S.K.: 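Here it is, the structure, as structure tokens.
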Amino acid sequence: MPFRDIATIAGSAMTAQTTRLNTIASNLANAQSAAGTEAGAYHARKPVFAAVMGQDNGAGARVQVLDVVTSTEPLREAYEPENPLANADGKVFYPNVNPVAEMTDMMSASRAFETNVEVLGRVRSMQQSLLRLGDA
């Protein structure tokens, strides 16, 4: 596999992990936001990835973000009649964001990003080694 293809795969994976980190940040930022209706409440978002293979034995393969979907998990409902956002029944709706799961996801995405940075560093090092061999 040519170095260029390895760099393309690692670069696209880094882009995908950046999207994942951005959605996690959005979910965590809105984790405690309240709303008076289910429709008005924030719903957690998750990116959907796909491995796209090239025509020639994987050449041109990459990671692609297909979409960022809204979670269908139920919202958290709380009885808070004193809350200014409460509906007529005194209920307030909170997002379906699990901060512990989001933090775990963030650690996984960060490690995946770092791994791809390491791959790119090793490819660069191998290319430099090949150039030095050519000079000898």
Side-chain angles (χ1 to χ4, degrees):
M1 178 180 283
F3 290 133
R4 178 178 22 96
D5 291 343
I6 297 169
T8 299
I9 294 168
S12 66
M14 290 169 62
T15 300
Q17 294 304 329
T18 299
T19 300
R20 185 175 171 199
L21 287 166
N22 285 337
T23 57
I24 291 167
S26 177
N27 290 342
L28 288 172
N30 290 289
Q32 295 301 318
S33 59
T37 64
E38 284 188 61
Y42 179 84
H43 291 72
R45 293 172 173 84
K46 300 287 181 190
V48 178
F49 301 149
V52 179
M53 302 303 288
Q55 281 83 9
D56 310 332
N57 272 343
R62 67 188 189 287
V63 178
Q64 182 177 347
V65 178
L66 295 179
D67 197 6
V68 177
V69 296
T70 303
S71 173
T72 57
E73 293 289 320
L75 299 173
R76 188 169 56 91
E77 205 175 297
Y79 180 71
E80 297 177 2
E82 69 285 347
N83 190 317
L85 296 173
N87 64 13
D89 298 328
K91 292 182 183 177
V92 177
F93 298 91
Y94 289 95
N96 53 356
V97 174
N98 178 344
V100 174
E102 295 294 329
M103 292 300 291
T104 304
D105 234 11
M106 183 189 308
M107 289 170 49
S108 174
S110 295
R111 287 192 179 127
F113 190 92
E114 289 170 3
T115 300
N116 284 291
V117 169
E118 178 77 18
V119 167
L120 288 176
R122 289 185 188 230
V123 166
R124 182 173 177 249
S125 174
M126 289 174 9
Q127 286 174 325
Q128 289 174 344
S129 294
L130 281 173
L131 289 173
R132 281 193 299 273
L133 283 175
D135 290 340

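Predicted model only: the values in this text are computed from it and were never measured.
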S.K.: Give a yes or no on whether Glu73 atom CD has more than 12 heavy-atom contacts from other residues, nucleotides or ligands under 6.0 Å away.
M.R.: no
S.K.: Where is the tightest heavy-atom contact between Asn96 and Pro74, given as atom of each residue plus distance?
M.R.: CB-O, 3.3 Å
S.K.: Run the numbers on Ile6 and Val119 for side-chain contact (heavy atoms from CB on, under 4.5 Å), then give the verdict.
M.R.: CA-CA 8 Å; Ile6 297 169; Val119 167; 3.8 Å; yes
S.K.: In chain order, what residues pass the salt bridge (charged side-chain N to carboxylate O under 4.0 Å, His left out) check against Glu118, with sequence neighbours excluded?
M.R.: Arg122
S.K.: Looking only at heavy atoms, what is the nearest atom pair of Gln64 and Val52, with distance?
M.R.: OE1-CG2, 3.1 Å
S.K.: For the OG1 atom of Thr23 and the CE atom of Met106, what is their distance to the nearest 0.5 Å?
M.R.: 10.0 Å
S.K.: Which atom pair, heavy atoms only, marks the closest approach of Ala31 to Pro95?
M.R.: O-CD, 3.6 Å
S.K.: Report the distance from atom OG1 of Thr8 to atom CZ of Arg62, rounding to the nearest 0.5 Å.
M.R.: 9.5 Å
S.K.: Could you tell me which non-hydrogen atom of Glu38 sits nearest to which non-hydrogen atom of His43, and how far apart they are?
M.R.: O-CE1, 3.3 Å
S.K.: When clusters are formed by joining ILVMFWY residues with side-chain heavy atoms under 4.5 Å apart, either directly or through shared neighbours, do Phe113 and Leu120 land in the same one?
M.R.: yes
S.K.: Tell me the salt bridge (charged side-chain N to carboxylate O under 4.0 Å, His left out) pairs involving residues 11-27, sequence neighbours left out?
M.R.: Arg20-Asp105
S.K.: For the residue pair Ala10 and Asn116, what are the closest heavy atoms and their distance?
M.R.: CA-OD1, 3.6 Å
S.K.: Give me each pair satisfying salt bridge (charged side-chain N to carboxylate O under 4.0 Å, His left out) with a member in residues 86-98, each pair once, sequence neighbours excluded.
M.R.: Glu77-Lys91
S.K.: If hydrophobic clusters are built from ILVMFWY residues whose side chains come within less than 4.5 Å, do Leu133 and Phe3 share one?
M.R.: yes
S.K.: Heavy-atom distance under 4.5 Å between the side chains of Thr19 and Val68, does that happen here?
M.R.: yes
S.K.: Count I, L, V, M, F, W, Y as connected when their side-chain heavy atoms are under 4.5 Å apart, and connections chain through other members. Are Val63 and Val65 then in the same cluster?
M.R.: yes
S.K.: Between Ala34 and Val92, which heavy-atom pair has the shortest distance, and what is it?
M.R.: CB-CG1, 3.3 Å
S.K.: Going through the distances and angles, do Val117 and Met14 end up as a side-chain contact (heavy atoms from CB on, under 4.5 Å)?
M.R.: CA-CA 8 Å; Val117 169; Met14 290 169 62; 3.7 Å; yes
S.K.: Quick check for you: to the nearest 0.5 Å, what is the distance between Asn27 atom CG and Tyr42 atom OH?
M.R.: 4.0 Å
S.K.: Drop me the distance from Ile9's CD1 to Met53's CE, to the nearest 0.5 angstrom.
M.R.: 7.0 Å
S.K.: Within this structure, what is the CG-CZ distance for the pair Asp67 and Arg45, rounded to the nearest 0.5 Å?
M.R.: 11.5 Å
S.K.: Atom OG1 in Thr15, atom CZ in Phe49: separation rounded to 0.5 Å?
M.R.: 10.0 Å
S.K.: Any donor and acceptor pair, going by atom type alone, linking the side chain of Thr115 with main-chain N or O of Arg111 inside 3.5 Å?
M.R.: yes
S.K.: Is there a side-chain contact between Met103 and Leu28, using heavy atoms and a 4.5 Å cut-off?
M.R.: yes
S.K.: Is Leu130 linked to Met126 within one hydrophobic cluster, defined over Ile, Leu, Val, Met, Phe, Trp and Tyr using a side-chain heavy-atom separation of less than 4.5 Å?
M.R.: yes
S.K.: I'd like to know whether Leu131 forms a side-chain contact (heavy atoms from CB on, under 4.5 Å) with Gln127, so could you lay out the CA-CA distance, the side-chain angles of the two residues, the decisive distance to 0.1 Å, and finally the verdict.
M.R.: CA-CA 6 Å; Leu131 289 173; Gln127 286 174 325; 5.6 Å; no
